Amino acid sequence: MSQPTSPEDFMRLALEEADLAATHGDVPVGAVVVADDGAVLAKEHNRREERADPTAHAELLAIREATRGRPGWRLEGATVYVTLEPCAMCAGALVNARIARLVYGATDPKAGAVSSLFQIGTDPRLNHRFEVQAGFMADEGGRRLSEFFAELRRKRH
């Protein structure tokens, strides 16, 4: 892919990351952090199984990578693209990183903490809120998740 410039390009990068997660047995979720000038600051995927680390979610890893080499920990003005609605841990990290915007694909009715179970990113009681765009290119991310879990069930039987 040439230099990504559009929301579709950034989400395609996140989907490519999701594909990488599945290659090592992790749930196929990918995340990309984009600065307000359109520069890709980081891209990552789930690595919980690979690293035996329950916190190795795509969003957390991407946030950590995006702040490396920067003068501080705030990602003000940044947009995070992720293939699946963030969980409570990741939504909290997005608040704490001070991102401006979250664009996510598939909703997560069992663990989603941005729209499904909670609305962490827009909760007025928190000291920071971010804009949320839900369901962006959701079919692509959702298909990867469905196929991944179908294969897991097939292997168990």
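Along the sequence shown, residues are numbered consecutively beginning with 1. Treat the numbers as computed from the prediction; the structure is a model and nothing was measured.
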Q: Could you check Trp73 against Ile63 for side chain to side chain contact (heavy atoms under 4.5 Å, CB included), going step by step and ending with a plain yes or no?
A: CA-CA 9 Å; Trp73 53 266; Ile63 288 168; over 6 Å; no

Q: Sub-3.5 Å donor-acceptor pair from the side chain of His45 to the main-chain atoms of Ala22, do we have one?
A: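 No; zero donor-acceptor contacts below 3.5 Å.
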
Q: Check for a donor-acceptor pair, side chain of Glu85 on one end and backbone N or O of Val114 on the other, with a separation under 3.5 Å.
A: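 Indeed, once roles are kept as given, a pair shorter than 3.5 Å links the two residues.
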
Q: Can you tell me how far apart CG (Leu60) and CG (Leu94) are? Round to the nearest 0.5 Å.
A: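 Nearest 0.5 Å value for the CG-CG distance: 8.0 Å.
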
Q: Would you name the heavy atoms of Pro54 and Arg48 that are closest together and state the gap between them?
A: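 Smallest heavy-atom distance, with atoms named: O-CD, 3.5 Å.
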
Q: Under the 3.5 angstrom rule, does the side chain of Asp26 hit a backbone N or O of Glu50 as a donor-acceptor pair?
A: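 Yes: the side chain of Asp26 pairs with the backbone of Glu50.
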
Q: For Phe10 versus Gly38, what's the shortest heavy-atom pair and its separation?
A: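 Smallest heavy-atom distance, with atoms named: CZ-O, 3.6 Å.
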
Q: How far does CG of Leu20 sit from CD of Glu44, to the nearest 0.5 angstrom?
A: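 The CG atom of Leu20 sits 9.0 Å away from the CD atom of Glu44.
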
Q: Nearest 0.5 Å please: distance from the CZ atom of Phe130 over to the OG1 atom of Thr79.
A: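 If we round to the nearest 0.5 Å, Phe130:CZ and Thr79:OG1 are 11.0 Å apart.
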
Q: First locate atom CD of Glu16, then atom OG1 of Thr83, and finally report the distance between them rounded to the nearest 0.5 Å.
A: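 If we round to the nearest 0.5 Å, Glu16:CD and Thr83:OG1 are 12.0 Å apart.
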
Q: Membership question, hydrophobic clusters at under 4.5 Å side-chain separation (ILVMFWY): are Tyr104 and Phe148 in the same one?
A: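 Yes; tracing contacts between hydrophobic side chains, which count when under 4.5 Å, links both residues.
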
Q: Which atoms form the tightest heavy-atom contact between Arg144 and Ala18, and what is the distance?
A: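 Residues Arg144 and Ala18, closest heavy atoms: CD-CB, 4.3 Å.
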
Q: Closer than 3.5 angstrom, by distance alone: can the side chain of Asp9 be matched with the main-chain N or O of Thr5 as a donor-acceptor pair?
A: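 Yes: the side chain of Asp9 pairs with the backbone of Thr5.
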
Q: State, to 0.1 Å, how close Asn127 and Val95 come at their nearest heavy-atom pair, and which atoms those are.
A: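 Between these two residues, the closest heavy atoms are OD1-CG1, 4.2 Å.
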
Q: Once you round to the nearest 0.5 Å, how far does CD of Glu65 lie from CG of Leu61?
A: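 That separation rounds to 9.5 Å.
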
Q: Within the distance-only criterion (no hydrogens, no angle test), does the side chain of Arg98 pair as donor or acceptor with the backbone N or O of Asn96 below 3.5 angstrom?
A: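 Yes: the side chain of Arg98 pairs with the backbone of Asn96.
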
Q: Show your working on side chain to side chain contact (heavy atoms under 4.5 Å, CB included) between Tyr81 and Arg101 and close with a plain yes or no.
A: CA-CA 9 Å; Tyr81 292 83; Arg101 184 168 171 244; 3.8 Å; yes

Q: Can you find a pair of side-chain heavy atoms, one from Gln3 and one from Val40, that are under 4.5 Å apart?
A: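 No - every pair of side-chain heavy atoms lies 4.5 Å or more apart.
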
Q: Spell out, as yes or no, whether a donor-acceptor pair under 3.5 Å connects the side chain of Asn46 to the backbone of His57.
A: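 No.
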
Q: May I ask whether Val34 and Val29 are part of the same hydrophobic cluster, defined by side-chain heavy atoms of I, L, V, M, F, W, Y residues being less than 4.5 angstrom apart, directly or through others?
A: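 They do not share one cluster, since no chain of ILVMFWY contacts under 4.5 Å joins Val34 to Val29.
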
Q: Could you see if Leu84 belongs to whatever hydrophobic cluster contains Met137? Use Ile, Leu, Val, Met, Phe, Trp, Tyr and a side-chain cutoff under 4.5 Å.
A: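 Different hydrophobic clusters.
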
Q: Counting only N and O atoms by type, is there a donor-acceptor contact under 3.5 Å from the side chain of Gln119 to the main-chain atoms of Ser115?
A: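 Between the backbone of Ser115 and the side chain of Gln119 there is a qualifying donor-acceptor contact (under 3.5 Å).
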
Q: Do you reckon Val33 sits in the same ILVMFWY cluster as Val103, going by side-chain contacts under 4.5 Å, direct or chained?
A: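 Result: no, two separate clusters.
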
Q: Applying side chain to side chain contact (heavy atoms under 4.5 Å, CB included) to Leu102 and Val82, what does each step give before you reach the verdict?
A: CA-CA 8 Å; Leu102 168 69; Val82 64; 3.7 Å; yes

Q: Before you tell me yes or no, could you show the steps for Met89 and Glu59 under side chain to side chain contact (heavy atoms under 4.5 Å, CB included), namely the whole-Å CA-CA distance, both residues' side-chain angles and the distance that decides it to 0.1 Å?
A: CA-CA 9 Å; Met89 175 180 68; Glu59 301 94 321; over 6 Å; no

Q: Within this structure, what is the CE-CD distance for the pair Met11 and Glu140, rounded to the nearest 0.5 Å?
A: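 Result: 9.0 Å between the selected atoms.
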
Q: Minimum heavy-atom separation for Ala14 to Val32, with atom names?
A: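 Ala14 and Val32 have their closest heavy atoms at N-CG2, 3.5 Å.
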
Q: Kindly write out the residues that satisfy side-chain hydrogen bond (donor to acceptor under 3.5 Å, both in side chains) with Thr55, not counting sequence neighbours, or none if the list is empty.
A: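 Counting only residues at least two positions away or on another chain, Thr55 forms a side-chain hydrogen bond (donor to acceptor under 3.5 Å, both in side chains) with Asp53.
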
Q: Please give me the minimum heavy-atom distance between Pro4 and Leu13, naming the atom from each residue.
A: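 Pro4 and Leu13 have their closest heavy atoms at CG-CD1, 3.7 Å.
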
Q: Is it true that, when you exclude Phe118 itself, more than 12 heavy atoms of the residues, nucleotides or ligands shown sit nearer than 6.0 Å to its CZ?
A: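 Counting other residues, nucleotides and ligands, CZ of Phe118 stays at 12 neighbours or fewer.
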
Q: Are Phe136 and Leu145 connected in the hydrophobic side-chain network, where two residues link if heavy atoms are under 4.5 Å apart?
A: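 Shared cluster, no.
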
